[in-house]
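What follows is a set of notes on a single structure, which appears directly below.
We're numbering straight along the sequence, starting at 1.
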Amino acid sequence: MRRGRLSLAAQAFVLQLIVIALVIGIGAVLAVFDARRTSDRTTEQETIDVAVTVAKVPSTAAAVRSPDPTALLQPVTEGIRVQTGMDFIVVMGPDRTRYTHTNPAQIGHPFSGNIDRALAGETFTETFTGTLGPSIRAVTPVRDESGRIIALVSAGVTRARISEEIGNQLPKILSVALLGLLVAAAGSFLLSRRLRRQTHGLAPDELRVMYEQHDAVLHSIHEGLVVFGTNEAAEVVNDEARRLLDLPDGPVHRADLPVSMQRMSWGVVRDEMHVTGDRILLVNQDIVQSGRAPLGTVMTIRDHTELRTVMGELDSVRGFAESLRAQAHESANRLHTVVTMVELGKHEEAVQFATAELELSQNLIDRLLAAVGDPALAALLLGKVNQAAERGVELTISEDTALDSTAPLSAHEAVTLVGNLIDNAIDAAADRAGGWVEVTVRQQDSGPGGESGPPEPSALLVRVADSGPGMSQEAFARAAERGYTTKSDHQGLGLALVHRLVGRHGGVIGTERNPESAVTVAIPRDTANNAVRQEQS
């Protein structure tokens, strides 16, 4: 994929650096302004404290009333100024005349600044440009014993000193800001590396295109796709999966899947057959891993219903062909025998041999055609007799077999139902010497019922017994969920297909092991009852 543009991780890293630099820069500027504002408030309070302290000292009022206030006050105020860090302490008369000043040349000159509020008895602060430049100053009155204002005291700090103090703090502020920028940049870099691993270094537009392609593929493919994370909720379910599994709209959980797919192991699955209510599904599953840590599973589902139907029909045709081949082979043997007996002059013996074999076959054919109203089902039963004989199994059609039609099953469904049951029975009986299979297909006519019970509905009954060991109830129930077999070379879909067909028509199927192994199927033939049963199932 093209890498001409910055990846999402790189773009996020650059954007984070810009934002962090702006935030830290703005924070540093605000810190400087805050330090300046704090310094101003602190300076105002300090100047007030110094001015009030000087004004309230009794010696200050006494010196003001002396003949030479400067001589008494100048050394004292300069000492206090040096100790307190003030830039000036000025004691003045009510007429603004300075008695003290940091610059002795200014003594005797009028004070430059506002004193009206102090003359009114108030202590206040202001920022004013005086002889030493812009400064923050406090002005307070000096009172005598009677409370009369006899002088004023002003203490102040120049802006230059305040700026110098803030400048001394600036390296600390910048150092903290730079350290914060370095820490934030390191965090952004680590986050960018993690994001790069998760996005595989793709740019945002590449991720967008990949998402759109991914979404289009999920909706267009003709295979079901279900992706589970480490929990039971599906993270991805495409349209085909919802159709094949009859899943509802909205979130999907593992409990929403067919029972057999809920029990799948949390591992790799290859071409596993599952039978749902009306479909045969081929399921594959792979594990999604990041390194060695499992992140979830990806399940793909293909619909094999039509394929399996065609294969079933092919198996039926193949069985008919094998039966015809066996019959042709057997007929050829009988014909050669008859010809040889004629050549040997055993004419009566030849006639007896030919008519005896023909009578046996014809009797079976006549009985099946008379008892079974559907030609396809009759042909199936006749073919299975010969097929079982080839495998050393005696297959008999019970005397009470009688059926006018296969309703409510179609001819194809009847062949699927009976054929699969007979095939499973032949497989079970062929494993033992002297194996046998007995098939009964008949209809149960509706009856009047008991004194208090409803009338018995008419039904299609199928019973296939064999000399095999039979199946337990657990194994028989498991066979209903998906393809099940004890033979490694068999797909094991026969009983699952039978269960699906019986359930679709509202019938019941069961198995028994005593006194003999048998599978019985009853499908209601009454339309109303059949519909009710389908609803209940």
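- In this structure, the side chains of Leu257 and Phe228 come closer than 4.5 Å at one or more pairs of heavy atoms.
- The salt bridge (charged side-chain N to carboxylate O under 4.0 Å, His left out) check on Asp404 picks up Arg525, with sequence neighbours excluded.
- Here the closest non-hydrogen pair linking His505 and Pro408 is CE1-O, 3.6 Å.
- For the pair Leu281 and Ile301, the minimum side-chain heavy-atom distance is below 4.5 Å.
- Leu395 is listed as a side-chain neighbour of Val439, based on a closest heavy-atom distance under 4.5 Å.
- In this structure Val19 satisfies the side chain to side chain contact (heavy atoms under 4.5 Å, CB included) test together with Leu15, Val23, sequence neighbours excluded.
- Residues satisfying the side chain to side chain contact (heavy atoms under 4.5 Å, CB included) test with Ala233, not counting sequence neighbours, are Asn231, His253.
- Separation of atoms CD (Glu394) and CH2 (Trp436) is listed at 10.0 Å; rounding is to 0.5 Å.
- A salt bridge links Arg270 with Asp286; the closest basic N to acidic carboxylate O contact falls under 4.0 Å.
- At least one donor-acceptor pair closer than 3.5 Å links the side chain of Gln262 to the backbone N or O of Ala255.
- Here the closest heavy-atom approach between residue Val415 and residue Leu380 is recorded as O-CD2, 3.8 Å.
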- request: Given side chain to side chain contact (heavy atoms under 4.5 Å, CB included), test Val464 with Val437 step by step and report yes or no.
  value: CA-CA 7 Å; Val464 179; Val437 174; 4.0 Å; yes
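- Considering CG of Asp427 and CD1 of Ile422, their distance stands at 12.0 Å, rounded to 0.5 Å.
- Taking the side chain to side chain contact (heavy atoms under 4.5 Å, CB included) definition, one finds that Ser398 meets it with Asp400, Thr401, Glu438, Thr440, sequence neighbours left out.
- Taking the side-chain hydrogen bond (donor to acceptor under 3.5 Å, both in side chains) definition, one finds that Asp246 meets it with nothing, sequence neighbours left out.
- Using a 4.5 Å heavy-atom threshold, the side chains of Val521 and Leu421 count as touching.
- With rounding to the nearest 0.5 angstrom, the CE atom of Met471 is 14.0 Å from the CD atom of Glu512.
- Heavy-atom minimum distance, Ala522 versus Leu461: CB-CD2, 3.5 Å.
- Asp423 pairs by the side-chain hydrogen bond (donor to acceptor under 3.5 Å, both in side chains) definition with Lys384, not counting sequence neighbours.
- When the salt bridge (charged side-chain N to carboxylate O under 4.0 Å, His left out) test is applied to Glu516, the partners found at least two apart in sequence or on another chain are Arg463.
- In this structure, the side chains of Leu403 and Leu377 come closer than 4.5 Å at one or more pairs of heavy atoms.
- For Leu460 against Ala407, the heavy-atom pair with the smallest separation is CB-O, 4.3 Å.
- Looking only at distances, no side-chain donor or acceptor of Thr406 sits under 3.5 Å from a matching main-chain atom of Ala414.
- The nearest pair of heavy atoms linking Ser467 to Gly435 is OG-CA, 3.3 Å.
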query: Given the rule in the side chain to side chain contact (heavy atoms under 4.5 Å, CB included) test, do Leu501 and Leu409 qualify, once you have shown the distances and angles that lead to the verdict?
result: CA-CA 9 Å; Leu501 192 152; Leu409 302 182; 3.5 Å; yes
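- With Ile509 as reference, Val519 is the one residue of Val519, Ile523, Val462, Thr520 to meet the side-chain contact (heavy atoms from CB on, under 4.5 Å) rule.
- Contact annotation: the side chain of Met299 approaches that of Met261 to within less than 4.5 Å [non-hydrogen atoms, C-beta and beyond].
- Judged as a side-chain hydrogen bond (donor to acceptor under 3.5 Å, both in side chains), and not counting sequence neighbours, the contacts of Arg243 are Glu240.
- For Leu22, the side chain to side chain contact (heavy atoms under 4.5 Å, CB included) partners are Ile18, not counting sequence neighbours.
- Under the salt bridge (charged side-chain N to carboxylate O under 4.0 Å, His left out) criterion, Asp256 pairs with no residue, sequence neighbours left out.
- Remark: the backbone N or O of His412 is paired with a side-chain donor or acceptor of Thr416 at under 3.5 angstrom.
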- request: Could you walk me through whether Glu235 and Val226 pass the side chain to side chain contact (heavy atoms under 4.5 Å, CB included) test, one step at a time?
  value: CA-CA 8 Å; Glu235 297 179 354; Val226 183; over 6 Å; no
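- For the residue pair Ala430 and Arg391, the shortest heavy atom distance occurs at CB-NH2, 3.7 Å.
- With contacts defined as side-chain heavy-atom distances shorter than 4.5 Å, the pair Thr300/Val283 does not qualify.
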message: Run the side chain to side chain contact (heavy atoms under 4.5 Å, CB included) test on Leu417 and Val502 for me, step by step, so that the C-alpha distance in whole Å, both residues' side-chain angles and the decisive distance to 0.1 Å come before the verdict.
response: CA-CA 8 Å; Leu417 172 66; Val502 172; 4.1 Å; yes
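- For Arg242 (side chain) and Pro248 (main-chain N/O), a donor-acceptor pair under 3.5 Å exists by modelled atom type.
- Here Arg302 pairs with Glu223, Asp271 under the salt bridge (charged side-chain N to carboxylate O under 4.0 Å, His left out) rule; sequence neighbours left out.
- Residues Arg432 and Pro469 meet the side-chain proximity criterion, which asks for heavy atoms closer than 4.5 Å.
- At distances below 3.5 Å, at least one donor-acceptor pair connects side-chain atoms of Asn238 with backbone N or O atoms of Leu225.
- Glu413 contributes a side-chain N or O that, together with a main-chain N or O of Ser410, makes up a donor-acceptor pair within less than 3.5 Å.
- Side-chain N or O atoms of Gln473 include one that pairs as donor or acceptor with a backbone N or O of Thr511 at under 3.5 Å.
- Applying the salt bridge (charged side-chain N to carboxylate O under 4.0 Å, His left out) definition to pairs two or more places apart or across chains, none involves residues 370-383.
- Residue Leu245 holds its CG atom at 10.0 Å from CG of Asp303, rounded to the nearest 0.5 Å.
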